[in-house]
Amino acid sequence: MEAVIEYLESIKFIHLMMSPTIIWNALPLLFKGFLASLALLIGGYLLSLPTGLAAAFMKMAKNPIFRWPATFYVDFIRGTPLIVQILIIYFGVPLLVPGWREFQQSWFGQIKVFGVIDMNQYVRAILALVINSGAYLAEIFRAGIQSISKGQLEAARSLGMTTAQAMGYVIVPQTVRRILPTMMSEFILLFKDTALFFAVGIFELTLQARTIQARLFNMSPYIGAALFYLMLTIPLGRLVAWLEARLAVSETGREPENRQERKRRKAARAKEAAA
Amino acid sequence: MSEQAMIRIENLHKSFGALEVLKGVDLDVARGEVVVILGPSGSGKSTMLRCVNRLEEPTSGHIFIENDEVTDRKTDINKIRERVGMVFQSFNLFPHLTAKSNIMLALRKVKKMDKDEAEQKAVEGLARVGLADKADVYPIMLSGGQQQRVAIARALAMDPHVMLFDEVTSALDPELVREVLDVMKELAKGGMTMLVVTHEMGFARDVASRVVFMDEGVIQEQGTPQEVFDNPQNDRTKDFLGHIR
């Protein structure tokens, strides 16, 4: 084992890009960063769900008093880079919120979320994430609700259900099933987006890697960080693909073509092997 | 208003923007009557039907169901809709629920029945349309004709006083039309008040107590099937019947 590592380290490219020793030694700090990224992801995503739902219903409202602000919000957020939004919100909040300085210096503002991020940093970061992700989720929800045929609502109403009952028992359950894969894709995107907080000095995964990299003049910590990102994104990505396939089955009553094809080929091969 | 009038439509107008679809429709339907509405597409017959349970908001005019005014904004429309069953061209079964659950949903949430009672009612309803063995099947696994029969059972389970049928066989393959029409015939025989928009002339002739011919947003002619089919008075009716024969 030691001989293998020694051999790998002797290759310059491997030593500079993916040194096993450096990555191993960086693990504790990278893990701290991973926790910070997770804290941002979970807080940001959970709060962006109600935000997105509210914005979606506002955008579908007939009354322009609701519709216009929601439309402006969604267009503005989706049309500008997240890093710009982060800079505006992260550094704008201390300037605009009265008493922010007191909060920042209070014991509560100094609490370490997940043991890694100061509360006052966390609150600002979550605000930026929620505002950003809420706009994307709003469009996902709106498209999902509008993809359910008008006849579903009419059938429910014709049976004497109120609009709220029709929404709750007929429209929303179908919508959720239909948009679940897209919602999870947004979750994965948001996780990767947390890396942008390195720019404002939050010690999430990427900034941890960058700090070690700067000290050692070696790129390996970034590869270590990448492995942490992949640990979450690859399984979740597979889950999305599986959900999409299952959804196709429940909506059309048959499996998607590529799956049928794969099954047929597998059966044919098994037959050949038996012969 | 006469005691038996189930539905009374008075001077009904409906416009979509600048397009006037209904230009003053008057129609009375008595209890137990089966009224079949015929007419070319775009004549306003579906719109009229959808105004009866206010899926479309009438522009003006009055509609009464058993002395309750549907068009009165103070009326609780959901209470009226419990008494007015409707079946659609595109079935509109809830795809995330089994056949049985499709029927149970409104029984539980609107009629506030307990689960066992609703389930029993749903199973009985499915048996009535010949689908007792499909209780736990999702709509996607059913043929169009079967889906439409579940949709009829779903509407009937609410114990409606009147049933509205909106071109319910138009989306079906020809060989599946009969099974749906048979269910509707049984229903008519049982004395259900029915308002039926259809292109099935055979059904109109055999089952209708009255045939109404609509065109250009008004009722052009009405009468018994014999009167309308064998001796039409109105030129438009003659023209229409001539085209479909």
Side-chain angles (χ1 to χ4, degrees), chain A residues 53 60-64 140-184 242-257 259-260 263, chain B residues 46 49-50 52-57 76-98 101-112 137-143 147-148 150-160 162-166 171:
Chain A
L53 202 59
M60 287 186 290
K62 284 204 187 82
N63 192 334
I140 295 173
F141 291 145
R142 188 186 57 78
I145 290 170
Q146 288 179 344
S147 77
I148 308 293
S149 88
K150 208 171 147 237
Q152 290 290 309
L153 185 64
E154 289 182 350
R157 295 303 310 271
S158 76
L159 289 163
M161 286 190 222
T162 62
T163 309
Q165 286 176 326
M167 277 288 158
Y169 299 120
V170 176
I171 306 296
V172 171
Q174 291 184 56
T175 307
V176 169
R177 280 160 56 117
R178 200 169 280 187
I179 66 176
L180 204 57
T182 329
M183 281 172 67
M184 287 193 58
W242 179 79
L243 277 175
E244 275 173 346
R246 236 190 56 149
L247 185 75
V249 177
S250 72
E251 296 229 322
T252 60
R254 56 173 186 272
E255 298 196 47
E257 298 288 332
R259 278 194 166 221
Q260 289 179 3
K263 271 191 183 165
Chain B
S46 277
L49 200 68
R50 291 161 57 83
V52 171
N53 65 352
R54 240 173 75 192
L55 283 183
E56 298 292 352
E57 205 65 54
D76 180 359
I77 188 65
N78 294 321
K79 279 279 159 238
I80 292 191
R81 283 173 178 160
E82 281 184 51
R83 283 185 267 143
V84 182
M86 184 157 191
V87 186
F88 302 85
Q89 180 176 352
S90 48
F91 326 140
N92 294 341
L93 290 183
F94 308 135
H96 61 303
L97 300 176
T98 60
S101 304
N102 258 278
I103 301 175
M104 286 169 66
L105 183 63
L107 293 178
R108 303 260 289 132
K109 304 303 175 190
V110 179
K111 288 226 187 276
K112 312 285 182 202
V137 172
Y138 285 90
I140 194 81
M141 304 304 289
L142 298 171
S143 74
Q147 287 193 46
Q148 195 60 295
V150 174
I152 294 173
R154 179 174 70 180
L156 286 178
M158 300 297 285
D159 293 325
V162 55
M163 287 282 287
L164 310 176
F165 292 87
D166 188 7

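Everything quoted here is computed from the prediction, not taken from an experiment. Just so it is clear, the values below take in all heavy atoms, side chains as well, and ignore hydrogens, waters and symmetry mates. In what follows, chains are A, B, ... by sequence order, proteins preceding strands, each numbered from 1.
A side chain to side chain contact (heavy atoms under 4.5 Å, CB included) with A:Gln165 holds for exactly one of B:Asn78, B:Leu105, B:Val110; it is B:Val110.
Looking only at heavy-atom pairs under 4.5 Å with chain A, the residue among B:Asp76, B:Leu164, B:Leu93 that has the most is B:Leu93. Per-residue counts of heavy-atom pairs under 4.5 Å with chain A were compared for B:Glu82, B:Arg50, B:Met158; the largest is that of B:Arg50.
Closest non-hydrogen pair, A:Arg157 versus B:Leu55, comes out as CB-CD2, 4.4 Å.
When atom types are taken as modelled, the side chain of B:His96 and the backbone of A:Tyr169 share a donor-acceptor pair closer than 3.5 angstrom. Of the possible polar contacts, none joining the B:Asn53 side chain to the A:Ser158 backbone as a donor-acceptor pair under 3.5 Å is found.
The contact between B:Phe94 and chain A is made by backbone and side chain atoms together, counting heavy-atom distances below 4.5 Å. Both the backbone and the side chain of A:Glu154 come within less than 4.5 Å of a heavy atom of chain B.
Remark: A:Leu159 CG to B:Ile103 CD1 distance equals 10.5 Å, nearest 0.5 Å. To the nearest 0.5 Å, the span separating OG1 on A:Thr162 from NZ on B:Lys109 amounts to 11.5 Å.
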